Enquirer: 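The structure is given below, and queries will be raised subsequently.
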Number of protein chains: 2
Amino acid sequence: MSVQERKQRERAERERLIVATARELAEQQGWDAVTTRRLAESIEYSQPVLYSHFRGKREIIGAVALQGATELAVAVRASTAAADGPRERVAALARAYLDFAERNPAVYDAIFQLDGGLAYAQEDTPEPLKDAFAALLECLGEVAGDGVQPGLFTETFWACLHGLVTLTRAGRLPPHETGPRVELLVDRLAVL
Amino acid sequence: MSVQERKQRERAERERLIVATARELAEQQGWDAVTTRRLAESIEYSQPVLYSHFRGKREIIGAVALQGATELAVAVRASTAAADGPRERVAALARAYLDFAERNPAVYDAIFQLDGGLAYAQEDTPEPLKDAFAALLECLGEVAGDGVQPGLFTETFWACLHGLVTLTRAGRLPPHETGPRVELLVDRLAVL
DNA sequence: GATCCGATCCTAGCACCGCTAGACAAGAGA
DNA sequence: TCTCTTGTCTAGCGGTGCTAGGATCGGATC
C-alpha cells in the first residue's frame with residue numbers, strides 16, 4: 001500500500017504546485033496571462049495533466065479563491081484582534097481588507113470577481129468562503145446598531161469596501177484619497 | 001461633395017449599427033458571446049469592416065460604455081428631479097442607479113468593469129463619463145455633511161452602490177434583501 | 001462612352017485560446 | 001519475465017482577436 005500512498009502524496013503535491021503557480025502567474029501578469037499552456041509549461045508538465053486535477057481553468061481559479069479566502073479571514077481576524085475599542089476595530093478591519101486586496105489583486109479577483117465555479121451565500125458554500133464572511137461578521141455585527149440585523153449590516157459594509165476596491169483598481173476612482181473615503185464609511189455606517 | 005457626404009452618413013450609420021448590435025448581443029448573451037465574428041455576421045459585413053471603425057473589440061466596448069453613461073446620467077437626473085426633499089432624492093437616486101444596473105447589466109459592465117480603453121477620473125475623460133459623475137454629484141453633494149468634500153462623499157456613496165451591484169450580480173450577495181441594504185446606506189451615509 | 005485609379009470590402013490566414021482523443025511508455029503485480 | 005493498468009504526452013478540434021493582400025466597385029477624367 002505504500003506505493004499508492006506515495007503516489008497520492010505526489011499527486012497532492014503537484015496539485016498544490018498547480019494552484020501556487022497559477023496564483024503566482026496571475027499576480028505577476030494578470031489572469032489573462034494564465035493560460036493552460038503557460039501554466040502547464042511552468043509546472044513542467046503537459047496541458048492534459050491539468051485536467052487530471054481540475055475540470056478546467058475555472059476550477060483552478062476556484063482553488064486559488066478558496067486559498068485566498070482562508071488567508072483573508074486570517075488577515076481580518078488578526079487586524080481586529082490587535083485593535084482596541086469598537087471604532088478602532090472596524091477601522092482596522094477596513095484597512096486590512098483593502099490592504100489584502102491591494103497586495104493580492106489577482107487572488108481578490110478570484111474570490112470576488114471571477115467565476116471559479118463556487119457557490120456563494122448558500123448552504124453548499126465552501127467552508128473557507130463562509131469563514132471569511134464570518135470573520136467580517138464577528139467584528140461588524142457589534143456595530144450594526146439597533147434594529148439592524150448583523151448579517152445585513154455586514155453585507156452592506158462589505159459591499160462598500162468591495163466597491164472601493166474594484167472602482168479604484170479599475171481606474172474609476174483616483175487612488176490617493178482612499179483613506180478619507182474609508183474613514184467616512186467607518187464614521188457614518190458603524191454605530192459605536 | 002454630395003457623394004462624400006452620403007458616404008460619410010452611411011459610415012456613421014454603420015458605426016451606430018455596430019455599437020447597437022454589440023450592445024444587444026451583450027445584453028442577450030453576455031459580453032463573452034460578443035465575438036468579432038458573430039458581431040460581423042450580425043451586421044452582415046465581414047470582420048475587417050469592424051476594424052475600419054474601431055481599433056479593436058476594446059473600443060467597441062468603450063463606445064457602448066459612453067452611450068450607457070449618457071443614459072445613466074439621464075436616468076439619475078430624472079429620478080432626483082421627481083423626488084421631494086433631500087432624503088427622498090438620495091433614495092430615488094440609489095434606486096435609479098440599481099435599477100439601471102439591473103436592466104442593463106452588460107452596459108453597466110462596459111462602463112464600470114470592463115476595459116473599454118477609456119480614461120476615468122482624469123482631464124481627458126470623455127464628457128459622458130464626467131457628466132454621469134456630475135449627475136451623481138448634483139444630488140449627493142447636498143447631503144455630504146459638514147467638513148466632508150462633496151466630491152469625496154459622492155465617490156464613496158457611489159462606490160457603495162457599485163459594491164452592492166457587483167456583489168449581487170456576481171452571486172456573492174443574495175438579491176432579495178437589496179432594498180434594506182440600500183435603506184441602510186441612505187439613512188447612515190447621507191446627512192439630512 | 002471607355003479608361004483609370006482610389007476607396008472599400010472580403011477571403012484567407014496568423015498565433016493563440018480551452019479542451020480532449022488516442023497513442024504510447026513506465027512501472028506494479030503475477 | 002511477462003502482462004496489464006496507470007499515467008503522460010502528442011496532436012488536433014473548434015474557437016478567439018486581429019491583419020495582409022487580392023478583388024471589386026464606383027467616381028473622375030479624357
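Computed from a predicted model, the values in this text were never measured in an experiment. Naming convention: chains lettered A, B, ... in sequence-line order (proteins, then strands); numbering from 1 in each chain.
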Enquirer: Quick one: side-chain contact (heavy atoms from CB on, under 4.5 Å) partners of B/Y45, sequence neighbours excluded?
Expert: B/R14, B/I43, B/V49
Enquirer: Mind checking side-chain contact (heavy atoms from CB on, under 4.5 Å) for A/I61 and listing every partner two or more places apart, or none if nothing turns up?
Expert: A/W31, A/A110, A/L114
Enquirer: Would you list the pairs meeting side chain to side chain donor-acceptor pair (under 3.5 Å) in which at least one residue belongs to residues 122-134 of chain A, sequence neighbours left out?
Expert: A/R77-A/D131
Enquirer: Tell me, which of residues 22-35 of chain B have any heavy atom that sits under 4.0 Å from an atom in DNA chain D?
Expert: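 Contacts with DNA chain D under 4.0 Å: B/V34, B/T35.
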Enquirer: Could you name each residue pair satisfying side chain to side chain donor-acceptor pair (under 3.5 Å) that touches residues 80-91 of chain A, not counting sequence neighbours?
Expert: A/R87-A/D187, A/E88-A/R95, A/R89-A/E142
Enquirer: What is the distance, to the nearest angstrom, from the CD atom on B/E10 to the P atom on D/dC25?
Expert: 16 Å
Enquirer: In terms of heavy-atom contacts, does CD of A/E44 have more than 12 from other residues, nucleotides or ligands at under 6.0 Å?
Expert: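 Incorrect, the count does not exceed 12.
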Enquirer: Taking the side chain as every heavy atom from C-beta outward, state whether A/C160 and B/L185 have any atom pair closer than 4.5 Å.
Expert: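 Contact flag for A/C160/B/L185 side chains = yes.
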Enquirer: Roughly how many Å is it from CD1 in B/I18 to C1' in C/dC9, rounded to a whole number?
Expert: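 Going from CD1 in B/I18 over to C1' in C/dC9 covers 13 Å.
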Enquirer: Under the rule for side chain to side chain donor-acceptor pair (under 3.5 Å), what residues qualify as partners of A/R103, not counting sequence neighbours?
Expert: A/D99
Enquirer: Determine the minimum heavy-atom distance between A/R172 and B/I111, stating which atoms define it.
Expert: NH2-O, 2.7 Å
Enquirer: Identify each donor-acceptor pair in which a side-chain atom of residues 143-150 of chain B lies under 3.5 Å from a protein atom, sequence neighbours left out, and give them as a table.
Expert:
none

Enquirer: I'd like to know if B/R37 reaches the base of D/dG15 with its side chain, counting only an N/O donor and acceptor under 3.5 Å.
Expert: no
Enquirer: Can you list everything that forms a side chain to side chain donor-acceptor pair (under 3.5 Å) with B/D109? Sequence neighbours excluded, please.
Expert: B/R169
Enquirer: Considering residues at least two apart in sequence or located in another chain, which fulfil the side chain to side chain donor-acceptor pair (under 3.5 Å) criterion with A/E13?
Expert: A/R16
Enquirer: With B/F112, which of B/Y120, B/F100, B/F133, B/W158 fulfils ring pair (Phe, Tyr, Trp, His ring centres under 6.0 Å)?
Expert: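 Testing each of B/Y120, B/F100, B/F133, B/W158 against B/F112, the sole residue satisfying ring pair (Phe, Tyr, Trp, His ring centres under 6.0 Å) is B/W158.
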Enquirer: Please report how far the helix from C/dG1-D/dC30 to C/dA30-D/dT1 bends, comparing the axis fitted to its first five pairs with the axis fitted to its last five, to the nearest 10 degrees.
Expert: 20°
Enquirer: Of the residues in residues 57-64 of chain B, which ones touch DNA chain C at a heavy-atom distance under 4.0 Å?
Expert: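 By residue number: none to list.
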Enquirer: Check whether any side-chain heavy atom of A/F54 sits under 4.5 Å from a side-chain heavy atom of A/E15, and report yes or no.
Expert: yes
Enquirer: Take atom CG of A/D115 and atom P of C/dG18, then tell me their distance rounded to the nearest Å.
Expert: 15 Å
Enquirer: Near DNA chain C, counting only heavy atoms under 4.0 Å, which residues of residues 44-54 of chain A show up?
Expert: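 Correct list: A/Q47, A/P48, A/Y51.
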Enquirer: Would you tell me if any nitrogen or oxygen in the side chain of B/R38 comes within less than 4.0 Å of OP1 or OP2 on D/dT16?
Expert: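 Yes.
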Enquirer: Mind calculating the distance between CZ (A/R11) and P (C/dG27) to the nearest angstrom?
Expert: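 Going from A/R11 (CZ) to C/dG27 (P), I get 17 Å.
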Enquirer: Would you say a side-chain N or O of B/R14 is under 4.0 Å from OP1 or OP2 of C/dT8?
Expert: no
